[in-house]
Amino acid sequence: MKLFTKTIFASATLALFGLQTQNLSAQDKSVKMTNPLLQRSTLQYQAPPFDLIKDEHFKPAFEYGLKIHDAEIDAIANDTSKPTFQNTVLAIELSGVDLGRATGIFYNLTGSNTNPTLQAIEEEYAPIFSAHTDKIYLNSVIYNRIKALDLNSLKGEDKKLTTYYLQQFELAGANLSESDKEKMKTINGELATLSTLYGNKLLIARKNGAVLYTDVKELDGLSPEEIAAAKDKAKEAGKEGYLIGLLNTTQQPLLPSLTNRASREKLFKASWNRAEKNDDGDTRETLEKMAKLRLKKAQLMGKKSFAEWRLQDQMAQVPATALNLLAKIATPAVNAAKLEAAEIQKLIDSQKGGFKLEPWDWNFYSEQVRKAKYDLDENQIKPYFEVNTVLEKGVFFAAKQMYGITFKTRTDLPVYNPDVKVYEVFDNDGKSLAIYYLDFYTRDNKGGGAWMNNFVNQSHYLKQNPVIVNVYNFAKPVEGNPSLISFDDVTTMFHEFGHTLHGLFANQNYVTLSGTNVPRDYVEFPSQINEHAALDPTVLKNYAVHYKTKEVIPQALIEKIKKAETFNKGYDVTELLAAATLDMAWHSVEKETDFKPTLEFETAALKKYGLLVKEVPTRYHTPYFAHIWGGGYSAGYYAYTWSKTLDYNAFDWMQANGGLTRANCERFRKYILSVGNSVDLNKAFKDFIGHDMEIEPYLKNAGLIGKK
């Protein structure tokens, strides 16, 4: 959701700030004094004053913030004194206070609670912000000042921050010729505009893709609560019948329950075709332009492909390393998926189905296979997973057991939507640590999926504590009914809170190196580790409580869930690898003529890498692959698999040393969660488990070893 490099989100005041504000007009001074986005929040830890912030505040705040930031950057470039860490690197790090505050709040809102006004502002300012970023990172004078610094004279975070900025300026093209810089600025501006346009189109596609059923019989298999929610959603949309909205993934959560095959097909195809209807929600032309522009950008930087340019500051470093990891997992994953497909087809045939397995059948029949194999019914376990109980007696309880932190509800802090809850977080010594927002339920004006973000980043230098938000898209319950979620949803909650832990335990001087501001192929690792807490026996029995009977989940049912953990893994891993490989294929193109129309390109790419499996569609179809066209994961979706490999390595070490004990978790906090990007992360990982990342733990834990 964040547009800028992290540096622009810093929050401090330079000594030079006063010098730059002396010549402000009376109008600018008035804006500064009256706009809540331009004031340091007086709420605890600078929590945003959402009750004061209005849509009309953003544009004036952006204009003021851009003006001040320009002046700060110019002052650094025009400094005639000898470059030092303080007057160059630290000065950049601490610039852009007002702009950072305004954009940080803005992009959190456009992701979770947008409206036509905010969308219009987002489109208008995308190229402006892109040009502003270029003005900084294409500035050769500042680049040369950083380059002139003696790295050997710096230590710790000062050295790391200097190295980071040097690389970011080089990645941006600060060492390009002036004519090539102008070309880069043009490309970046066009990409920013297209990325925003893509996101807005996709929101339209998701909304318009909602499926209307006119006969309640079409929804056979759904619970009364799910049917009531669908009826309410249709009513809200001014329609008669039952409306089911789409999540951003290919498969939809209600497909395992719908007994009517035509209803399943209708829902699946609505999901698959949502963004390719030749209407306002069609994203294909937009993303094709983006792919070509990214290639031009990379070639301007002297790289063969966008992926080669993009991976330079990642753990993988080069595309071949990332693709090699995906390929090693792909073969056993596809083989496992084919075995699973054969098993499902056998079940269909035994029921005299008379049809071949299709993608919209997979989850419905695999659920039956799971019931037969493990006697596990999703509807049997859902009553034990009420969303608020999972949060407070599961996620929060686990955090206390593992790290000693506690949570207190705060009703005095303003929120951006009535559904949002707020907590104060306390460390294991009882000291207040952070403010935490939680936004559970899906809305038509919210982006799909789930995520964590910071309103305020931790920084010792700035004396800032983290202010963090977790956003989800669970179905909002009808009044008086519980919000029951699947075990997959439970895992998602633990996962996203793992990102929150990464932010909570940040222990850095500088925002740019703090918390989750790490490479893409590392950032998912801490969150994936936290997923394991969902099945920890002590934790599970504390939160898995039947919402009606209040009985704790029986041990027999727990064993079934555990045994089913590697069930359907061939499918799960294959759909994920297909998406990751598809992303890398789009961004590994070296000649523009090798691009084809979206759907044709996708089919050819998946076929080339052996991942075109008819019954197993890619987790994200190219037209709605928001991660790579609008979410910052371009040439980076492999990161989930890379991070998962790190996770399985680390989890194996924990299991061999007693499990998720307080001692092991404190060690994890010390070596992983608290270091941000302030150290060599490959070394930090090795220091934690004693060896480099290996692939075998992934294959073993995913249940792929032994399947042919």
Side-chain angles (χ1 to χ4, degrees), residues 314-316 321-322 324-326 328-329 332-333 395 397-405 428 491 494-507 515-516 518-540 562-563 565-566 569 572-573 576 638-706:
Q314 301 297 296
M315 293 187 79
T321 304
N324 184 49
L325 177 70
L326 298 177
K328 285 181 178 177
I329 300 172
V395 174
F397 175 79
K400 183 178 181 181
Q401 294 291 107
M402 295 162 70
Y403 303 103
I405 61 175
N428 52 30
T491 303
F494 278 87
H495 175 98
E496 295 304 330
F497 193 76
H499 287 305
T500 294
L501 289 170
H502 202 179
L504 290 177
F505 294 148
N507 190 29
T516 58
V518 296
R520 288 284 188 192
D521 51 9
Y522 192 83
V523 74
E524 299 297 333
F525 164 40
S527 55
Q528 289 166 337
I529 276 288
N530 203 57
E531 291 178 21
H532 298 291
L535 273 176
D536 181 84
T538 304
V539 177
L540 183 59
K562 287 184 175 180
K563 288 178 181 176
E565 267 294 276
T566 58
K569 276 296 183 185
D572 293 343
V573 175
L576 183 67
Y638 79 91
Y640 286 96
T641 302
W642 187 282
S643 294
K644 194 65 183 172
T645 310
L646 293 172
D647 160 36
Y648 281 142
N649 275 257
F651 184 63
D652 275 5
W653 180 91
M654 284 186 166
Q655 290 297 91
N657 288 276
L660 297 176
T661 63
R662 181 68 178 275
N664 284 345
C665 291
E666 288 295 345
R667 178 181 172 87
F668 189 69
R669 177 175 179 173
K670 175 183 176 182
Y671 285 103
I672 307 297
L673 294 177
S674 69
V675 300
N677 197 22
S678 65
V679 300
D680 180 332
L681 296 178
N682 280 301
K683 183 179 184 302
F685 178 79
K686 189 173 181 178
D687 287 344
F688 177 64
I689 67 168
H691 60 77
D692 293 325
M693 182 179 80
E694 299 171 349
I695 196 170
E696 286 73 17
Y698 187 112
L699 300 176
K700 176 176 71 70
N701 282 280
L704 300 178
I705 290 179

Side-chain touch Gln401/Leu660, heavy atoms, less than 4.5 angstrom: no
Considering all heavy atoms, the nearest Leu540-Ala534 contact: CD1-O, 3.6 Å
Salt bridge (Lys or Arg N to Asp or Glu O under 4.0 Å) pairs, two or more places apart, involving residues 685-698: Lys683-Asp687
ring-ring contact (aromatic ring centres under 6.0 Å, His included) involving Phe525 - partner list, sequence neighbours excluded: Tyr522, Phe668, Phe685
Residue pair His532 / Gln528, side-chain heavy-atom distance below 4.5 Å: no
Distance (rounded to the nearest 0.5 Å) between Met402 CE and Cys665 SG: 3.5 Å
Listed partners of Thr500 passing side-chain hydrogen bond (donor to acceptor under 3.5 Å, both in side chains), at least two apart: Asn470
For the student: nearest non-hydrogen atoms of Asn701 and Pro697, plus distance: ND2-O, 2.7 Å
Nearest-0.5 Å distance, CD1 of residue Ile329 to CD1 of residue Ile695: 4.5 Å
Contacts of type side-chain hydrogen bond (donor to acceptor under 3.5 Å, both in side chains), residue Thr661, not counting sequence neighbours: Asn664
Shortest non-hydrogen separation from Ala650 to Ile529 and the atoms involved: CB-CD1, 3.8 Å
Worked check of side chain to side chain contact (heavy atoms under 4.5 Å, CB included) between Thr321 and Trp642: CA-CA 10 Å; Thr321 304; Trp642 187 282; 3.8 Å; yes
Atom pair CG (Asn530) and NE2 (His495), whose distance is rounded to the nearest 0.5 Å: 9.5 Å
Spacing of Leu699 atom CG and Leu704 atom CG [to the nearest 0.5 Å]: 6.0 Å
Any pair counted as salt bridge (Lys or Arg N to Asp or Glu O under 4.0 Å), so long as it reaches residues 654-663, sequence neighbours left out: Arg662-Glu666
With Tyr638 via side-chain hydrogen bond (donor to acceptor under 3.5 Å, both in side chains) - residues at least two apart: Asp521
Of all pairs that satisfy salt bridge (Lys or Arg N to Asp or Glu O under 4.0 Å), the ones with a partner from residues 672-681, not counting sequence neighbours: none
Short side-chain to backbone donor-acceptor contact, Arg520 and Gln314, under 3.5 Å: no
Listed partners of Arg669 passing side-chain hydrogen bond (donor to acceptor under 3.5 Å, both in side chains), at least two apart: Asp427
side-chain contact (heavy atoms from CB on, under 4.5 Å) involving Leu576 - partner list, sequence neighbours excluded: Arg619, Tyr637, Thr641
Within-4.5 Å side-chain heavy-atom neighbours: Asp536 and Phe494: no
Pairs flagged by salt bridge (Lys or Arg N to Asp or Glu O under 4.0 Å) wherever residues 640-654 is involved - sequence neighbours left out: Glu531-Lys644, Lys644-Asp647, Asp652-Lys700
Minimum heavy-atom distance between Pro519 and Leu681, given as atom pair plus value: CD-CD1, 3.5 Å
Test item: Leu673 and Tyr403 side chains (from C-beta on) under 4.5 Å apart, heavy atoms: yes
Residue pair Leu646, Met315: steps toward the side chain to side chain contact (heavy atoms under 4.5 Å, CB included) verdict: CA-CA 11 Å; Leu646 293 172; Met315 293 187 79; 4.3 Å; yes
Listed partners of Glu565 passing side-chain contact (heavy atoms from CB on, under 4.5 Å), at least two apart: Phe487, Leu535
side-chain contact (heavy atoms from CB on, under 4.5 Å) partners of Ala506, counting only residues at least two apart: Gln458, Gln508, Ser514
OG1 on Thr516 to CG on Leu501, rounded to 0.5 Å: 12.0 Å
